[in-house]
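Report on one structure; see the data block that follows.
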Amino acid sequence: MLQLLIAFVSRIYAFFQRTMPTNILIRATHTRRGLKWGVPAMLLAVLYIVIAAALAQWVAGGAPGWINLVVLVCLCYAVVVVMPMMLGRSRSAAVGGLRLSA
């Protein structure tokens, strides 16, 4: 039973890694050639923040309360996942590039 559960979860994880746009973008930036995708990833994080702010205003104006969950997901993706990853990748690439050229 445990093996079946682990196999199921690993297949779902692999499916999400292949198909979700943010995961595709993050995977593309993990290569040396993919550093050019750092700015679009940061813009994607800004887009998530703008969507979260717009939805929060909509909820404040009387929209259903369950939309707060969408706001939370957008903020989690922007603040917790995309921004720190991109800042760390760009810093390590800059430091690594300096070491290589010295």
Side-chain angles (χ1 to χ4, degrees):
M1 182 70 175
L2 185 61
Q3 276 184 322
L4 187 63
L5 182 63
I6 291 172
F8 178 70
V9 169
S10 67
R11 288 183 190 239
I12 289 180
Y13 174 78
F15 172 75
F16 282 152
Q17 287 297 317
R18 282 192 317 267
T19 58
M20 295 298 155
T22 308
N23 291 339
I24 292 170
L25 188 61
I26 288 171
R27 194 173 56 247
T29 60
H30 281 232
T31 62
R32 185 82 170 147
R33 196 181 59 169
L35 289 175
K36 65 182 176 185
W37 293 104
V39 173
M42 291 298 284
L43 292 176
L44 183 64
V46 170
L47 179 67
Y48 278 129
I49 291 173
V50 168
I51 290 171
L55 289 174
Q57 287 294 323
W58 190 33
V59 169
W66 63 267
I67 297 178
N68 284 323
L69 292 174
V70 179
V71 171
L72 183 65
V73 168
C74 287
L75 289 177
C76 283
Y77 251 63
V79 175
V80 176
V81 176
V82 178
M83 282 186 172
M85 188 273 311
M86 287 313 304
L87 290 174
R89 291 290 301 163
S90 61
R91 178 189 293 173
S92 67
V95 169
L98 290 175
R99 286 186 197 146
L100 290 174
S101 64

Just how far is it from atom CG of L55 to atom SG of C74, taken to the nearest 0.5 Å? 6.0 Å
Check for me, please, whether W66 and V73 land in the same ILVMFWY cluster - side-chain distances under 4.5 Å, paths through other members count. no
Separation of I67 CD1 from W58 CH2 (nearest 0.5 Å): 3.5 Å
Identify whether F8 and F15 are in the same connected component of the hydrophobic contact network (ILVMFWY, side-chain heavy atoms under 4.5 Å). yes
What is the minimum heavy-atom distance between V71 and A56, and which atoms define it? CG2-N, 3.8 Å
Are any non-hydrogen side-chain atoms of L72 and N68 less than 4.5 angstrom apart? no
